[in-house]
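Take a look at the structure set out below.
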Amino acid sequence: MRPALMLQTAPDSSVIADTLAAAPPVAAEPSFMESLRGGFELLFLGGWSMVPIVLLSILMVAIVWERVRALRRAEGDPDTLVRNVSDYVATGDVTAAVAYCRERDSPASRIVQRGLERLGRPIDEIQAAIQEAGRRETYSLEKRMDLLASVAAIAPMLGFLGTVTGMIGAFRQIQRYEGLVNPSLLAGGIWEALVTTAAGLAVGLLALFAYNILVSRIGRLVNGFERVSSDFVDFLQAPPSR
């Protein structure tokens, strides 16, 4: 015998309409302003310890911006500087060499200018003047870097401090109500504990990353200063070409 065919009937349109109506509405994507407002609300939920963390983040941005601009101004071509100054000195035009260094107005050119101003004196005195100028320029590049390192260390500690104070507040609520406490009453302490930790770690990580990047750039610049000083002293000690 042939098996009986089973016919599938199409669902009723009213059933489909009722199903779609009963489905939960799809949440709309939050706008930028709503996301920004939510971020500020999280900051306020962090409690008093968020104030120094926010101040440290502003200080970090200011230091990084200022140091990046200073390092950009300090960059240059040391090889071209030494070559041009050597050409001026070789022709006996020391005044033009000094004017060229003043026109460049970079740390490397100021180091070489310090040596040019000592020409005619013993080579040890010239070398000491160049080294002293190099130390001053290195110190100028490293300004405020200790402050940035302090931000990288202090911000996470403030976050952990906010965590401790938040949890203390939460346990005080539990003790106050003898354990019969609504979880919503603990939300304030828990929010403070979580938000301050996240904010402190974020600021500390960004400050540490910026510190390492800036220290690396400063190291490259200082290496260029040393190369300029060494090449210039070697040029002064070289016998004159016939």
Which pairs would a plain distance check flag for residues 107-116, meaning a side-chain donor or acceptor within less than 3.5 Å of a matching protein atom at least two apart in sequence or in another chain?
residue: S109; atom: OG; partner: C101; partner atom: O; Å: 3.3
residue: S109; atom: OG; partner: D105; partner atom: N; Å: 3.4
residue: S109; atom: OG; partner: S106; partner atom: N; Å: 2.8
residue: S109; atom: OG; partner: S106; partner atom: O; Å: 2.8
residue: S109; atom: OG; partner: S106; partner atom: OG; Å: 3.2
residue: R110; atom: NE; partner: E137; partner atom: OE2; Å: 2.8
residue: R110; atom: NH1; partner: D105; partner atom: OD1; Å: 2.8
residue: R110; atom: NH2; partner: E137; partner atom: OE1; Å: 3.2
residue: Q113; atom: NE2; partner: E117; partner atom: OE2; Å: 3.2

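- Applying the side chain to side chain contact (heavy atoms under 4.5 Å, CB included) test to T138 and every residue at least two apart in sequence or in another chain returns E142, V222, F225.
- Sorted by first and then second residue, the salt bridge (charged side-chain N to carboxylate O under 4.0 Å, His left out) pairs with a member in residues 200-218 read E75-R217; sequence neighbours excluded.
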Side-chain polar contacts of residues 122-131 - donor-acceptor pairs under 3.5 angstrom, sequence neighbours left out - could you list them?
residue: E125; atom: OE2; partner: R121; partner atom: NH1; Å: 2.8

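- Under a hydrophobic-cluster definition in which Ile, Leu, Val, Met, Phe, Trp and Tyr are linked whenever side-chain heavy atoms come within less than 4.5 Å, directly or via other members, L205 and M50 are assigned to different clusters.
- Take S86 and apply the side chain to side chain contact (heavy atoms under 4.5 Å, CB included) test, not counting sequence neighbours, and it matches V82, F235.
- Considering all non-hydrogen atoms of both residues, R67 and S140 come closest at NH1-O, 3.0 Å.
- Hydrophobic cluster membership of F160, counting Ile, Leu, Val, Met, Phe, Trp and Tyr whose side-chain heavy atoms lie under 4.5 Å apart directly or via other members: M157, L201.
- Through direct or relayed side-chain contacts under 4.5 Å between Ile, Leu, Val, Met, Phe, Trp and Tyr, I213 connects to F209.
- Under a hydrophobic-cluster definition in which Ile, Leu, Val, Met, Phe, Trp and Tyr are linked whenever side-chain heavy atoms come within less than 4.5 Å, directly or via other members, I58 and L208 are assigned to different clusters.
- N223 places no side-chain N or O within 3.5 Å of a backbone atom of G219 that could act as its donor or acceptor partner.
- Taken from OG1 in T163 to CG in L158, the straight-line distance is 10.5 Å, to the nearest 0.5 Å.
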Going through the distances and angles, do Y88 and V94 end up as a side chain to side chain contact (heavy atoms under 4.5 Å, CB included)? CA-CA 6 Å; Y88 283 123; V94 179; over 6 Å; no
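- Side-chain N/O atoms of R104 and Y100 include a donor and acceptor closer than 3.5 Å.
- Closest approach of S57 to V203, counting heavy atoms only: CB-CG2, 3.9 Å.
- Partners of L55 according to the side chain to side chain contact (heavy atoms under 4.5 Å, CB included) rule, which considers only residues two or more places apart in sequence or in another chain, are V51.
- Across all their heavy atoms, V151 and A207 have their closest contact at CG1-CB, 4.0 Å.
- Applying the salt bridge (charged side-chain N to carboxylate O under 4.0 Å, His left out) test to pairs two or more places apart or on separate chains, none has a residue in residues 196-213.
- Remark: T197 OG1 to I53 CD1 distance equals 8.0 Å, nearest 0.5 Å.
- Between I218 and L141, the closest heavy-atom pair is CD1-O, 3.3 Å.
- Every salt bridge (charged side-chain N to carboxylate O under 4.0 Å, His left out) that R227 has, sequence neighbours left out, goes to D79.
- Shown here are the salt bridge (charged side-chain N to carboxylate O under 4.0 Å, His left out) partners of R144, two or more places apart in sequence or in another chain: E66.
- Residues passing the side chain to side chain contact (heavy atoms under 4.5 Å, CB included) test with Y211, sequence neighbours excluded: M145, L148, A149, V215.
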